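What follows is a single structure, written as structure tokens, with notes after it.
Atoms within each ligand, like the ligands themselves, are counted from 1 in listed order. On a predicted model such as this, the values are computed, not experimentally measured, just so you know.
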Amino acid sequence: MTQNTTLGTVLVTGSSGTTGRRLTELLRQGGHDVRAASRTSEHRFDWLDRSTWEPTLKGVDALYLLPYDPEPLTADFVRAAVDLGVRRIVLLSGRGVDVPGYGGEGNEAVAHHLAGEEAVRTSGAEWTILRPGWFAQNLSVGFLREDVVAGELRLADGDVPVAFVDAEDISAVAAEALTGSGHSGQVYELTGPRALTLDEVAEAISAGTGRSVRHVRLTPEEFVAEKVTQGMSEEDARGYEAVLSPIRLGLDSHVSDGVRLALGRPPRPFSAFVEDAEASGAWNR
Ligand SMILES: NC(=O)c1ccc[n+]([C@@H]2O[C@H](COP(=O)([O-])OP(=O)(O)OC[C@H]3O[C@@H](n4cnc5c(N)ncnc54)[C@H](OP(=O)(O)O)[C@@H]3O)[C@@H](O)[C@H]2O)c1
């Protein structure tokens with residue numbers, strides 16, 4: 001895939017986050033001019049403060065769009081971006097958004113992802129949509145980190161395998177789609193090279209780190225009850241279980257070929273994620 005040599009400024013939204021931080025680094029290593037934006041990044045951008053939108057988008061050629069899950073703001077932002085001259089948009093969506101009921105009936109983040117996808121498809125800009133599965137980094141910086149640190153992955157997963165994807169791969173695909181050619185109009189589903197059960201995940205983390213991590217399989221009712229005991233409202237606990245339900249239902253067990261299609265190489269193995277996470281001290285107390 002050839003490099004776009006006329007590319008100007010690339011805007012990375014969510015640049016302090018899991019994919020945005022890695023993408024910013026990759027693009028800068030490639031010599032690109034990056035505007036790194038979020039509430040706490042070097043360029044201040046707040047989805048909820050529309051006065052920050054225009055200064056964020058002005059002078060930008062290509063945009064990495066990390067949506068704001070709680071509210072449907074993507075379409076307005078895409079319109080503003082194209083009006084201000086953005087020519088290329090790479091949207092982070094999610095695998096499963098096209099599966100009815102994925103993540104629970106009425107899952108707002110899924111609905112917002114779908115609306116965002118439609119907005120970029122009809123924007124008039126060149127677009128690429130990334131649909132990653134569950135990030136491996138959920139285990140190192142996300143909602144499963146505390147379980148790993150405590151040594152017990154306690155989930156209602158039904159022992160069904162999950163094809164975790166490494167955020168390094170998501171960011172590499174985003175960098176390629178923003179700066180290379182041949183990715184316009186593509187929807188890349190991104191996973192790791194194989195699906196792992198949570199038993200295998202616990203074994204891989206234990207083997208790669210010398211820590212003792214085990215998997216404790218809960219029923220959905222047990223999972224909800226545990227969260228309520230920990231202080232979550234019953235409604236929130238049920239919503240949380242619904243968001244995680246695609247794992248138990250096997251909707252994230254299949255391996256997708258997006259990394260290979262976009263980059264011409266296989267995705268990174270789970271063991272590489274474990275090695276990096278341990279080296280970064282992600283699981284230190
Ligand atoms: N985690 C998964 O397994 C998974 C799987 C598939 C799809 N996804 C999708 O991936 C996306 C990212 O999820 P993540 O959990 O990994 O998040 P993340 O990228 O690690 O963090 C969210 C980013 O958004 C920024 N942000 C938050 N509120 C903001 C605001 N009001 N204005 C501007 N920026 C704001 C944060 O920066 P500041 O705090 O500095 O503002 C941060 O950089 C979501 O759309 C999610 O649906 C996630």
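Using a 4.0 Å cutoff on heavy atoms, H113 counts as a contact of ligand 1. Under a 4.0 Å heavy-atom criterion, S93 is in contact with ligand 1. Within the 4.0 Å heavy-atom cutoff, G20 does not count among the residues contacting ligand 1. Taking a 4.0 Å cut-off on heavy atoms, A167 fails to register as neighbouring ligand 1.
With respect to R211 and E278, a salt bridge is recorded, a charged nitrogen being found less than 4.0 Å from a carboxylate O. Salt-bridge annotation for K227 and E234: absent, with no side-chain N of the basic residue lying under 4.0 Å from a carboxylate O of the acidic one. The pair R87-D61 counts as a salt bridge, with a side-chain nitrogen and a carboxylate oxygen less than 4.0 angstrom apart. At a threshold of 4.0 Å, the pair D166-R268 counts as salt-bridged, since one of the basic side-chain nitrogens sits closer than that to a carboxylate oxygen. Looking at R217 and D199, no side-chain N of the basic residue comes within less than 4.0 Å of a carboxylate O on the acidic one, giving no salt bridge. Remark: D33 does not engage R28 in a salt bridge, criterion side-chain N to carboxylate O under 4.0 Å. Electrostatic pairing of R260 and D257 does not count as a salt bridge here, judged by no charged N lying under 4.0 Å from a carboxylate O. Salt-bridge annotation for R131 and E117: present, with a side-chain N of the basic residue lying under 4.0 Å from a carboxylate O of the acidic one. E168 has a carboxylate O that lies under 4.0 Å from a charged side-chain N of R22, or vice versa, which qualifies the two as a salt bridge.
In this structure, the protein non-hydrogen atom closest to atom 34 (N) of ligand 1 is W47 CD1, 3.8 Å. In this structure, the protein non-hydrogen atom closest to atom 25 (C) of ligand 1 is G14 CA, 4.1 Å. Scanning all protein heavy atoms for the shortest distance to atom 40 (O) of ligand 1 gives T40 OG1, 2.4 Å. Atom 14 (P) of ligand 1 has its closest protein heavy atom at F135 CE2, 4.5 Å. Looking only at protein heavy atoms, the nearest one to atom 20 (O) of ligand 1 is T18 OG1, 2.8 Å. Among protein heavy atoms, atom 31 (N) of ligand 1 sits closest to D46 OD1, 3.0 Å. Summary of contacts: the protein heavy atom closest to atom 42 (C) of ligand 1 is S16 OG, 3.6 Å. Scanning the protein heavy atoms around atom 11 (C) of ligand 1, the nearest turns out to be L92 CD2, 3.5 Å.
Nearest residue to atom 29 (C) of ligand 1 from R39, R22, R95 is R39 (criterion: closest heavy atom). Distances from atom 12 (C) of ligand 1 to the heavy atoms of T13, L190, L66 show the closest one on L66.
Under a 4.0 Å criterion applied to the non-hydrogen atoms of D69, ligand 1 contributes the atoms 44 (C), 45 (O), 46 (C), 47 (O). Remark: ligand 1 atoms within the under-4.0 Å shell around heavy atoms of N138 are 1 (N), 2 (C), 3 (O). The G17 neighbourhood of ligand 1 comprises atoms 18 (P), 19 (O), 20 (O), 21 (O), 42 (C), 43 (O), with distances under 4.0 Å to a heavy atom of that residue. Contact atoms of ligand 1 toward W134: 3 (O) (distance under 4.0 Å to a heavy atom of the residue). The atoms of ligand 1 that sit less than 4.0 Å from any heavy atom of Y68 are 28 (N), 31 (N).
Taking a 6.0 Å sphere around CD of Q230, one finds it holds more than 12 heavy atoms contributed by other residues, nucleotides or ligands. Within a 6.0 Å radius of CD in E222, more than 12 heavy atoms belonging to other residues, nucleotides or ligands are found.
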*Stepwise, does the ring pair (Phe, Tyr, Trp, His ring centres under 6.0 Å) test hold for Y68 with F77?*
CA-CA 11 Å; Y68 184 69; F77 193 70; over 10 Å; no

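Residue-to-ligand polar distances keep G94 apart from ligand 1: every N/O pair is separated by 3.5 Å or more. The N/O atoms of S38, backbone and side chain alike, include one that comes under 3.5 Å of an N/O atom in ligand 1.
Ring-plane geometry between Y188 and H183 is classed as perpendicular, the angle between the planes exceeding 60 degrees on a 0 to 90 degree scale with a lower cut at 30.
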